[in-house]
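When reading the values below, keep in mind they use all heavy atoms of this one structure, side chains included, and skip hydrogens, waters and symmetry mates.
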Amino acid sequence: MAEKKLSNLEGCVDSVIYKNKDNGFAVLVLDAGGEPVTVVGEIGAVEEGEDLKLIGKYIDHPKFGLQFKAHLCERALPKSAASIQKYLASGVIKGIGPVIAKKIVQEFGDKTLEIFDKTPDKLLEIEGITPKKLDKIMENYKQIFGIRSLMIFMSKNEVPATFGVRAWKRWETAAQEVIKSNPYSLCGYGIELPFSEAERVADSLSLRRDSIDRIRAGISWVLSENAKQGHTCLPKDKLADVSTKFLDIDFKTFSNVLMQEVEEKNLYIYNKNNRQFVMLNEYYQAEDYISRRLKIMRDISFDNNIDFSNVIDIAEEQFDIAYEEIQRKAINMALSNGFLVLTGGPGTGKTTTLNGIISLFQQQGLNVMIAAPTGKAAKRISELTGFGAKTIHRLLEVEFSDGDRPRFKHNENNQLDCEVMIVDEMSMVDTLLFDALLKALPFTCHLVMVGDCDQLPSVGAGNILNDIIKSKIVPTIQLKEVFRQSQESKIVTNAHKIVSGVIPDLTDKTSDFFFFQRLEYPELQNLVVDLMKNRLPQAYGYDTVNDIQVLSPTRKGPTGTIELNKRIQYDINPKSKDKSEIKSFLYTYRVGDKVMQTRNNYDITWKRFDDEGETVESGAGVFNGDIGIITNINKILGVVTIDFDGRIYKFNQAMLEHIELAYVITVHKSQGSEFDVVILTVFGGYDKLYYRNLLYTAVTRAKKMLIIIGSTNRVEFMINNNRRSNRYTTLLNMLCEDVTETYGVE
């Protein structure tokens, strides 16, 4: 599909084929001087009869012909009587149809819209318009033209229509006034326009760079960006250094605005270890609640040393199993205290121990729920234990969202009917999600948290599992011994060597752990493709897309996810006349491509169908890290159908911003998932991305086979680099405040 240079296009909207009110994406036919042109893009709430000025690119589609992909849209009110009549007849204003529209325009001609604006009472002269009907017409007119005016304002400042829609949802008719008085309000909760784009709007309004609104938004933006890197807070001195440079202000101005924000409780300052830490309100509230809640659970369960040995003995006979002493202790502690962290690496018996805990809780007649942070993790724990599991999001039931933040049906006012909550893959659970889960649990609910503390921390902000373990406020059992049957797997034994800082034998190719040295990028890429496309499917019967997952420590460079995805797609799913494709900023997508969602979307709906095509289940939400397959692309509407483990979603083109090819994903994105075969590239890139815990996490994603391709020196560097992810949080200190007695970690 060939693209031409950036072009201008003007004309009147002849017809609207498709529009999405949530994000402003539209497909329309524009009358450009008598020539119809199909236009696609984020244009906003466009209607027939409107005059548009567009900047974009012509795309010559082999099936649908010439299309214009609009990047920017400037809108004008229809001017001629004919275009005004078409505009009103389109039904844009409730109460006015084709007949009434014709009568109005015949009476007022080119001055029709001026009548609506200045002397709407004159519309009562039109047959069929009563005073009551006029009130409804004008109420709708003001709303419609408020949206139009806002979208025109946003497009002039090159702000995508999506953010205009969010602003209208939040402020409605006051939106434009709010934005003009403080464009940095667009950076806030529920809209989340990037700070740099808000700067552009502010500059167009000639606002001062030293305004308090700008500095407030800038400080919060720095904290928000660091939250994306895992930090729930920042040391005040670091925040000051970054913010003063970023905003080009002096320290005194920064300090004054910061203290104002603290006084108004938009930001919080927490003192720990004789150092001040600054937090966004939501993270302070979340860590404070988690701390207080876990302390209450500790007080309820502390020193409940009830002996359940007889019950465990019966379970051993029932399940024909002999638990190790440490496993018995974990089961007993879960039953007696109802409050436990169970941690350990692969092959140490976590699943066996957990099965015992779940079964014995259920035998007591308690309602047990099992949750995990991702769909893959929930499916995995369900398969391993035989007990049903859900993602935390689906358990809490997302009702709606403001920007990237969900609102759950289950909360402190509508708690889950749950007596035992088992949370698997706790290392992946971030601060805000754990806060939401705890609020939805009754205070009497037992809580068992299961995870591997040697894996990477959560993608979202926080370091929940490690902070809880270090606080010793929760009884913790760490399983260390690898069981004999697991010792046969080099994946398991080498994973334990790696986490202990021991370099495994990379020349041993007798089991399920393989290493291939490749010191040139083209050779490495060629081997990855050959393994996926030919060698593994032919020798072992593995499916290229469903069974094999390539992992990389980095997104950038020849072995990073972006370039390697493009190379693999070129060989695995090449361009074809028989396959529809659609372009996004980063990739071209085709039917059959393996893709991943990179940001939570709580609003998009999905359906599950039976073999006859009937809907058997429906719901909403797709989450960061979910992997699916593109099954259909509708170029006319810009709609992409993606199958995520049987849940079928319809994505419009704007939503593709948060979709990426997933033949290769980062190690961070693989957390909580397991794959039959993992191919790991370990070669070039920044040293800070190559460390022991990342390698350990990658190795433990493989169920049946692990193949590392790259440099032995790089593998050794990773194992010797025991850099832990340093995350700024306050939870550990909050948990340790006013606590004199703690549990040990065994």
Side-chain angles (χ1 to χ4, degrees), residues 159 163 166-167 179 182-203 207-273 275-288 402-405 430-432 435 457-463 555 598-600 624 668 686 688 725-731 733-734:
V159 177
F163 296 101
R166 292 179 184 174
I179 295 167
N182 177 17
Y184 298 101
S185 59
L186 290 168
C187 301
Y189 185 80
I191 301 175
E192 294 160 26
L193 182 72
F195 186 83
S196 59
E197 296 192 36
E199 288 270 71
R200 188 168 60 238
V201 179
D203 288 343
L207 297 182
R208 293 171 58 92
R209 285 273 173 147
D210 61 354
S211 74
I212 291 178
D213 288 332
R214 176 178 180 268
I215 298 168
R216 280 177 167 174
I219 293 171
S220 292
W221 183 256
V222 171
L223 290 169
S224 296
E225 289 299 290
N226 277 274
K228 293 175 184 176
Q229 305 304 315
H231 307 294
T232 63
C233 60
L234 278 184
K236 181 182 174 183
D237 54 313
K238 283 185 176 288
L239 177 63
D241 184 53
V242 173
S243 298
T244 52
K245 292 175 183 176
F246 175 61
L247 297 169
D248 192 22
I249 57 175
D250 57 37
F251 179 77
K252 183 179 180 181
T253 302
F254 163 81
S255 296
N256 289 339
V257 175
L258 175 63
M259 294 315 298
Q260 206 170 330
E261 287 290 88
V262 171
E263 286 173 11
E264 294 177 12
K265 296 189 176 179
N266 296 318
L267 300 177
Y268 283 82
I269 290 179
Y270 182 85
N271 294 296
K272 69 170 184 174
N273 304 327
R275 197 178 187 187
Q276 290 187 317
F277 288 77
V278 185
M279 310 179 71
L280 291 166
N281 176 47
E282 61 183 331
Y283 288 108
Y284 172 79
Q285 298 293 347
E287 291 196 331
D288 178 62
D402 289 326
D404 197 32
R405 297 171 177 83
D430 62 60
T431 298
L432 298 183
D435 170 61
S458 58
V459 174
N463 203 0
R555 287 175 53 81
T598 61
R599 182 175 176 177
N600 292 341
N624 189 351
H668 280 88
Y686 297 114
K688 67 179 183 179
S725 296
N726 179 28
R727 292 194 165 188
Y728 292 117
T729 75
T730 63
L731 180 60
N733 290 72
M734 287 182 176

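Contact of the R727 side chain with the S458 side chain is registered, since non-hydrogen atoms from C-beta on lie closer than 4.5 Å. In this structure, S220 and N266 have side chains that are not in contact, with every pair of non-hydrogen atoms separated by 4.5 Å or more. Proximity of M279 to T232: side-chain heavy atoms (C-beta onward) are separated by under 4.5 Å at one or more points. You'll find the side chain of P194 reaches within 4.5 Å of the side chain of W221, heavy atoms only. Using a 4.5 Å heavy-atom threshold, the side chains of V278 and V262 count as separate. By the 4.5 Å heavy-atom criterion applied to side chains, L267 and L223 are counted as neighbours. For the pair E225/Q229, no side-chain contact is recorded, criterion being any heavy-atom separation below 4.5 Å from C-beta on.
What you find for V159 and E197 is that their closest heavy atoms are CA-OE1, 4.4 Å. Minimum interatomic distance between R275 and D237 (heavy atoms only, all atoms of both residues): NH2-OD2, 3.1 Å. For L186 against A167, the heavy-atom pair with the smallest separation is CD2-CB, 4.1 Å. When all heavy atoms of T244 and D241 are compared, the pair lying nearest together is OG1-O, 3.2 Å. A198 and L193 get closest at one heavy-atom pair: N-CD2, 3.7 Å. The heavy-atom pair separating Y283 from A461 by the smallest distance is CE2-CB, 3.7 Å.
Listed by chain and residue number, nothing satisfies the side-chain contact (heavy atoms from CB on, under 4.5 Å) test with E263 (two or more places apart in sequence, or in another chain). The side-chain contact (heavy atoms from CB on, under 4.5 Å) check on D203 picks up R209, with sequence neighbours excluded. Residues meeting the side-chain contact (heavy atoms from CB on, under 4.5 Å) test with D210, sequence neighbours left out: R208.
A donor-acceptor pair under 3.5 Å links the side-chain atoms of E287 to the main chain of T730, judged by distance alone. The backbone N or O of L432 lies less than 3.5 Å from a partner atom in the side chain of D430, making a donor-acceptor pair.
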Item to check | K272 and F277: CA distance, side-chain angles, deciding distance, side chain to side chain contact (heavy atoms under 4.5 Å, CB included) verdict | outcome: CA-CA 7 Å; K272 69 170 184 174; F277 288 77; 3.3 Å; yes
Next on the checklist: With side chain to side chain contact (heavy atoms under 4.5 Å, CB included) as the criterion, how do F254 and I219 come out once you've worked through the C-alpha distance, each side chain's angles and the decisive distance to 0.1 Å?
Outcome noted: CA-CA 8 Å; F254 163 81; I219 293 171; 3.7 Å; yes
Checklist entry - For V222 and F246, what are the C-alpha separation, side-chain angles and deciding distance, and is it a side chain to side chain contact (heavy atoms under 4.5 Å, CB included)? => result CA-CA 9 Å; V222 171; F246 175 61; 3.9 Å; yes
Checklist entry - Would L247 and F195 satisfy side chain to side chain contact (heavy atoms under 4.5 Å, CB included), going step by step from the backbone distance to the final call? => result CA-CA 11 Å; L247 297 169; F195 186 83; 3.7 Å; yes
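The CG atom of N182 lies 3.5 Å from the CG atom of D213; values are rounded to the nearest 0.5 Å. To the nearest 0.5 Å, atoms CD1 (I212) and OH (Y184) are separated by 13.0 Å. Of the inter-residue distances, the one linking C187 atom SG with R214 atom CZ reads 10.5 Å to the nearest 0.5 angstrom. To the nearest 0.5 Å, atoms CG (N624) and NE2 (H668) are separated by 12.0 Å. To the nearest 0.5 Å, the span separating CG on N726 from NE2 on H231 amounts to 7.0 Å. Summarising the geometry, atom OG belonging to S255 is positioned 9.0 Å from atom CD1 belonging to I249; distances are rounded to the nearest 0.5 Å.
Using a cut-off of 4.0 Å between Lys/Arg side-chain N and Asp/Glu carboxylate O, R599 and E192 are scored as salt-bridged.
Atom CD1 of I269 is surrounded by more than 12 heavy atoms from other residues, nucleotides or ligands within 6.0 Å.
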